[in-house]
Amino acid sequence: MELEVRHLRALCAIADTGSLHRAARQLGVAQPSLSTQLRRIEQELGGELFTRERTGCRPTPLGRIVVGRARPLLAEMRTLVAEARAAAADEPQLRIGSTASRALAGWLRRLRVRRGEPLLQMDVSANALLNLVAEGRLDVAFVHEVEGCPLRVPDGLRLRVLVEREPQFVSLPHDHPAAGHPVVHLSDLAADRWMVDPTVDGEWDAVHRMLRTAGLNPRILHGDYHTAATLVATGEVVTVCQPTSPSRPEMAVRRLHGDPLGVRLLLAARTEAELDGVFPELAAAYWETARQAPAYREWLEHVAPQPLGPDAVAVC
């Protein structure tokens, strides 16, 4: 058997959902069929890619390597198909960039209805995306600006604020003593290892500053978003996360007491017309996602310093 794109897509779905059942539902296939496909892939590659546990599936060391290589390949394939379709239709294609966000799926879905299939470029660096917009290689970019670490905005770009300050929450193992409380104090995490992605503009500095202010000096590991999620699930680390991040059976998402870390959510383009063309869909997608996250919805309804929602928009 030779590996195909559908096999890589299946592996990534299993890794993202942490469950064969949820992955099968996401892919629109029967779970027994997906289980059989996974066994054949493992036979082809010569090793087990996921450990099957009562709470779900998690990647083995080999599985993390394979999934890590599969993600950029799938992204390149999506880009190839989108660009080919746009060229065949002989029409301009909306080119958007984004840092990681749970609102992205809803934004793309809404844009697809009105503007056709957009071309998406993901990057952990907001500054890199802003440069691509300034150079004309992207039309718009949805980015996160970490508090205390201003982005380097190229001259000529227009910015529109989606959320002035989104509080950052913490993701921790489900059986962590602090997970039993809706609000977690940083002192409750003093003995834990933290994981930070140093490639995200400003995140390393901001997390260090937050911990130092709280009088903590924990061990900090470096890793990307997917690695952090895996290690949180296995009880190895805790990590700062977006408030829209979903809780899973093996991990909990909780608010940090006092909301010590926040980010500003921005949409960037070269003209106001380009901002107007995509901002309503982004706002609708974000607030839909926000209200589907129980801990964040609670914060919005009872803790937010001022009313937040699609109408609470500022323009720079």
Side-chain angles (χ1 to χ4, degrees), residues 1-53 55-91 93-113 115-124 137-138 197 199 223-231 233-234 246 248-250:
M1 182 190 80
E2 292 187 358
L3 283 184
E4 301 175 8
V5 172
R6 61 189 178 93
H7 298 140
L8 302 182
R9 190 176 294 116
L11 295 179
C12 290
I14 297 170
D16 290 342
T17 62
S19 160
L20 281 170
H21 174 72
R22 289 193 291 269
R25 186 169 55 190
Q26 176 180 303
L27 295 167
V29 300
Q31 181 175 335
S33 175
L34 182 59
S35 298
T36 299
Q37 186 178 87
L38 176 57
R39 285 196 300 272
R40 290 176 177 170
I41 296 171
E42 290 176 328
Q43 290 170 1
E44 174 67 19
L45 296 180
E48 190 176 56
L49 300 178
F50 295 90
T51 58
R52 284 73 156 176
E53 301 174 345
T55 55
C57 296
R58 61 186 180 90
T60 63
L62 175 61
R64 287 195 291 272
I65 292 172
V66 173
V67 170
R69 294 293 299 274
R71 293 188 192 283
L73 292 175
L74 289 174
E76 285 295 323
M77 180 59 69
R78 286 193 294 269
T79 299
L80 185 154
V81 171
E83 290 180 345
R85 287 174 175 170
D90 194 26
E91 60 185 21
Q93 185 179 26
L94 178 65
R95 302 164 301 169
I96 67 175
S98 180
T99 47
S101 172
R102 296 284 299 179
L104 188 56
W107 189 28
L108 292 174
R109 185 176 66 249
R110 289 170 170 83
L111 290 175
R112 195 175 294 119
V113 171
R115 301 283 298 270
E117 188 71 39
L119 175 63
L120 172 66
Q121 179 161 337
M122 299 293 298
D123 201 307
V124 296
R137 296 162 63 186
L138 290 175
D197 188 345
T199 63
D224 61 22
Y225 167 80
H226 293 288
T227 302
T230 298
L231 293 183
T234 57
R248 298 178 181 175
E250 65 275 15

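All of these numbers come straight from a predicted model, not from anything done at the bench.
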Student: Got a sec, which residues hit side-chain contact (heavy atoms from CB on, under 4.5 Å) with Asp123, two or more places apart in sequence or on another chain?
Tutor: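 Residues passing side-chain contact (heavy atoms from CB on, under 4.5 Å) with Asp123: Ser125, Ala128, Leu129.
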
Student: Taking atom CH2 of Trp107 and atom OG of Ser101, what is their separation to the nearest 0.5 Å?
Tutor: 9.0 Å

Student: Can you check whether Pro118 reaches Leu108 side chain to side chain, under 4.5 Å on heavy atoms?
Tutor: yes

Student: Tell me, please, which residues at least two apart from Arg69 pass salt bridge (Lys or Arg N to Asp or Glu O under 4.0 Å).
Tutor: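 So Arg69 forms no salt bridge (Lys or Arg N to Asp or Glu O under 4.0 Å) with any residue.
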
Student: With rounding to the nearest 0.5 Å, note down the distance linking CD in Gln37 to NE2 in His7.
Tutor: 4.5 Å

Student: Is there a side chain to side chain contact (heavy atoms under 4.5 Å, CB included) between Val66 and Ile41 once you walk through the steps?
Tutor: CA-CA 11 Å; Val66 173; Ile41 296 171; over 6 Å; no

Student: Listed by chain and number, what are the salt bridge (Lys or Arg N to Asp or Glu O under 4.0 Å) partners of Arg25, not counting sequence neighbours?
Tutor: none

Student: For a 4.5 angstrom cut-off between non-hydrogen side-chain atoms, does Thr199 reach Asp224?
Tutor: no

Student: Are any side-chain N or O atoms of Arg115 and backbone N or O atoms of Leu111, one a donor and one an acceptor, separated by less than 3.5 Å?
Tutor: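 Flag not set: sc Arg115 to bb Leu111 has no pair under 3.5 Å.
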
Student: Give the C-alpha distance, both sets of side-chain angles, the deciding distance and a yes or no for side chain to side chain contact (heavy atoms under 4.5 Å, CB included) between Tyr225 and Val124.
Tutor: CA-CA 10 Å; Tyr225 167 80; Val124 296; over 6 Å; no

Student: Please report the interatomic distance CG(Asp197) to OG1(Thr227), rounded to the nearest 0.5 Å.
Tutor: 9.0 Å

Student: State which residues pass side-chain hydrogen bond (donor to acceptor under 3.5 Å, both in side chains) with Arg52; sequence neighbours excluded, sorted by chain then number.
Tutor: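 Result, side-chain hydrogen bond (donor to acceptor under 3.5 Å, both in side chains) vs Arg52: Glu42.
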
Student: With Arg40, which residues qualify under side-chain hydrogen bond (donor to acceptor under 3.5 Å, both in side chains), at least two apart?
Tutor: none

Student: Only one of Leu94, Leu104, Leu138 clears side chain to side chain contact (heavy atoms under 4.5 Å, CB included) with Leu120; which?
Tutor: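 For Leu120, the side chain to side chain contact (heavy atoms under 4.5 Å, CB included) check succeeds only for Leu104.
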
Student: Which pairs of donor and acceptor atoms, one on a side chain in residues 9-21, lie under 3.5 Å apart (sequence neighbours left out)?
Tutor:
residue : atom : partner : partner atom : Å
Asp16   : OD1  : Arg71   : NH1          : 3.1
Asp16   : OD1  : Arg71   : NH2          : 2.8
Asp16   : OD2  : Arg71   : NH1          : 3.4
Thr17   : OG1  : Ala13   : O            : 2.8
Thr17   : OG1  : Ser19   : N            : 3.4
Thr17   : OG1  : Ser19   : O            : 3.1
Thr17   : OG1  : Ala23   : N            : 3.4
Ser19   : OG   : His21   : N            : 3.1
Ser19   : OG   : Arg22   : N            : 3.1
His21   : ND1  : Gln31   : OE1          : 3.4

Student: Please name all residues satisfying salt bridge (Lys or Arg N to Asp or Glu O under 4.0 Å) with Arg39, sequence neighbours left out, ordered by chain then number.
Tutor: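 For Arg39, no residue satisfies salt bridge (Lys or Arg N to Asp or Glu O under 4.0 Å) once neighbours in sequence are set aside.
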
Student: Listed by chain and number, what are the side-chain hydrogen bond (donor to acceptor under 3.5 Å, both in side chains) partners of Ser33, not counting sequence neighbours?
Tutor: none

Student: Return the CD to CG distance between Gln93 and Leu119, rounded to the nearest 0.5 Å.
Tutor: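 Here the interatomic distance stands at 5.0 Å.
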
Student: Run the side-chain contact (heavy atoms from CB on, under 4.5 Å) test against Ala75 and tell me which residues pass, sequence neighbours left out.
Tutor: Arg78

Student: If I take atom CD from residue Glu250 and atom OG1 from residue Thr234, how far apart are they, to the nearest 0.5 angstrom?
Tutor: 9.5 Å

Student: Just verifying a value: how many Å separate Arg64 CZ and Leu231 CG, rounded to the nearest 0.5 Å?
Tutor: 6.5 Å

Student: Please list, chain by chain and in numerical order, all residues satisfying side-chain hydrogen bond (donor to acceptor under 3.5 Å, both in side chains) with Arg6, sequence neighbours excluded.
Tutor: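 For Arg6 the side-chain hydrogen bond (donor to acceptor under 3.5 Å, both in side chains) partners, ignoring immediate neighbours, are Glu4.
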
Student: Quick one: list whatever passes side-chain contact (heavy atoms from CB on, under 4.5 Å) with Thr51, sequence neighbours left out.
Tutor: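 Listed in chain order: Glu48, Glu53, Arg58, Thr60.
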
Student: Taking the side chain as C-beta and beyond, is there a heavy-atom pair between His226 and Thr230 under 4.5 Å?
Tutor: no

Student: Residues in side-chain contact (heavy atoms from CB on, under 4.5 Å) with Leu73, at least two apart?
Tutor: Leu8

